[in-house]
Amino acid sequence: MSQPTILFTNDDGIDSPGLWAAVAAFRGCGRLLVAAPREQQSGMGRSMPHYSEGRIFPYTPPGDFGDCLAYAVDGTPAQAVQHAVLELADQQQPALLVSGINYGENTGNGVTISGTVGAALEGASFGILSIAVSLQTPTDLHLTHSDAVDFRSAAVWTRRFGEWLIDHAALPDDVDALKIDVPWDATAATDWRLTRLSRRRVYFPTRPERLALSDPAKLGYHYHADPNLAEPDSDVYVLLHEGLVSVTPISLDMTSRTDMFRLRQILLDREAYGV
């Protein structure tokens, strides 16, 4: 029986130590295929910009990673996944997609911004069991490849859940991927909780400083949240307040969990009044 193919990607770029910590965690588990953006692609979500060139370059892994092939892709994380599935996997559907390990947690209502989560959802759209793993990191290190960040414990958690998915090859029908957020000080013995996405925002945009609107100016962001006020069963509360590993099942089905009959009545009532 052939070994499973495990696909790795991220949004921090192929040079990221977080990516290679994840790859190293799966050494010996199968055929390791890395297809990650050539450049930093944080905040790209699941985007598919038409201007991406899609060029693919062989990449030499920074160490001994066993049976590993690596490629740098000119594109977003989701596009890297598509190129991997369509061109690089040798017509063998990956048994698992690992996106991450990301510099910085991805929690709350901002997860649709995350390229880490976007790549996992893209993998899920192909029917691949997918996990998006992020490590709580100081904001000033989010867009770096700093060696000051220790990914070893996050890598343990990545393999733990990834290996479980490979062995069981199944999730409930309404779960397409797992979003895993690891506290900065977690160990292999840290407890974990199943969580839901918080409706709270954790990072807020900062206003650009410029003299004229036509001047170039980039939006920034800053941490501004009291996780103690978040929903007790949410990723924000569990990760940032309790300091536990948060495991959130996510779905490609973004339909609101609402009472459809009641909503229909509300809309019909407004329609009657010309609203």
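Numbering starts at 1 and runs along the sequence shown.
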Next item on the list: May I ask you to check whether Tyr223 and Phe204 place their ring centers less than 6.0 Å from one another?
Entry: no

Margin query: Once rounded to the nearest 0.5 Å, what's the spacing between atom CG of Leu143 and atom CG of Asp12?
Written below: 7.5 Å

Notebook entry, point to check: Atom CG of Asp259 and atom CD of Gln265: how far apart are they, to the nearest 0.5 Å?
Noted result: 9.5 Å

Checklist line | CA sep, side-chain torsions, deciding dist, call: Leu219, Thr206, side-chain contact (heavy atoms from CB on, under 4.5 Å) | finding: CA-CA 6 Å; Leu219 290 164; Thr206 54; 5.9 Å; no

Check: Could you give the distance from CD1 (Ile113) to CG (Asp11), rounded to the nearest 0.5 Å?
Finding: 11.5 Å

Checklist line | Criterion ring-ring contact (aromatic ring centres under 6.0 Å, His included) against Phe8, the qualifying member of Phe26, Tyr59, Tyr71 | finding: Phe26

Checklist line | Cys68 SG to Leu32 CG distance, which is reported to the nearest 0.5 Å | finding: 5.5 Å

Check: Is the CG atom of Leu86 crowded by more than 12 outside heavy atoms at less than 6.0 Å?
Finding: yes

Note to self: For Gln92, I'd like to know if atom CD has over 12 heavy atoms of other residues, nucleotides or ligands within 6.0 Å.
What the structure shows: yes

Margin query: Under a plain distance cut-off of 3.5 Å, with no hydrogens placed, do Thr195 and Ser234 share a side-chain donor-acceptor pair?
Written below: no

Next item on the list: Please determine if Arg210 and Asp215 form a salt bridge, counting it only when a charged side-chain N lies under 4.0 Å from a carboxylate O.
Entry: no

Check: How long is the span from the CD1 atom in Ile128 to the OG1 atom in Thr5, to the nearest 0.5 Å?
Finding: 10.0 Å

Next item on the list: Check whether the ring centres of Trp20 and Phe65 lie less than 6.0 Å apart, and answer yes or no.
Entry: yes

Check: Honestly, is Arg159 close enough over Phe161, meaning NZ or CZ under 6.0 Å from the six-membered ring centre and within 45° of the axis?
Finding: no

Margin query: Side chains of Ser134 and Glu105: any donor to acceptor distance under 3.5 Å?
Written below: no

Note to self: Between Arg196 and Asp233, does any NZ, NE, NH1 or NH2 come within less than 4.0 Å of an OD or OE carboxylate oxygen?
What the structure shows: yes

Next item on the list: Return the orientation label for the Tyr103 and Phe151 ring planes: parallel under 30°, perpendicular over 60°, tilted otherwise.
Entry: perpendicular

Checklist line | Closest non-hydrogen atom pair, Ala22 against Val98 | finding: CB-CG1, 4.2 Å

Check: When the ring centroid of Tyr203 is compared with that of Tyr221, is the distance short of 6.0 Å?
Finding: yes

Check: Between Ser114 and Asn106, does any side-chain donor sit less than 3.5 Å from a side-chain acceptor?
Finding: yes

Notebook entry, point to check: Which atoms form the tightest heavy-atom contact between Cys29 and Ile6, and what is the distance?
Noted result: CB-CD1, 3.9 Å

Check: Checking salt bridge (charged side-chain N to carboxylate O under 4.0 Å, His left out) for the pair Arg38/Asp74: CA distance, chi angles, key distance, verdict?
Finding: CA-CA 6 Å; Arg38 289 185 74 193; Asp74 270 333; 3.6 Å; yes

Next item on the list: Kindly compute the distance separating OG1 (Thr107) from CG (Asp235), expressed to the nearest 0.5 Å.
Entry: 5.0 Å

Next item on the list: Verify the distance criterion only: is there a donor paired with an acceptor across the side chains of Thr255 and Asp253 at less than 3.5 Å?
Entry: yes

Next item on the list: On the 0 to 90° scale, with breaks at 30° and 60°, tag the His224-His222 ring pair as parallel, tilted or perpendicular.
Entry: tilted

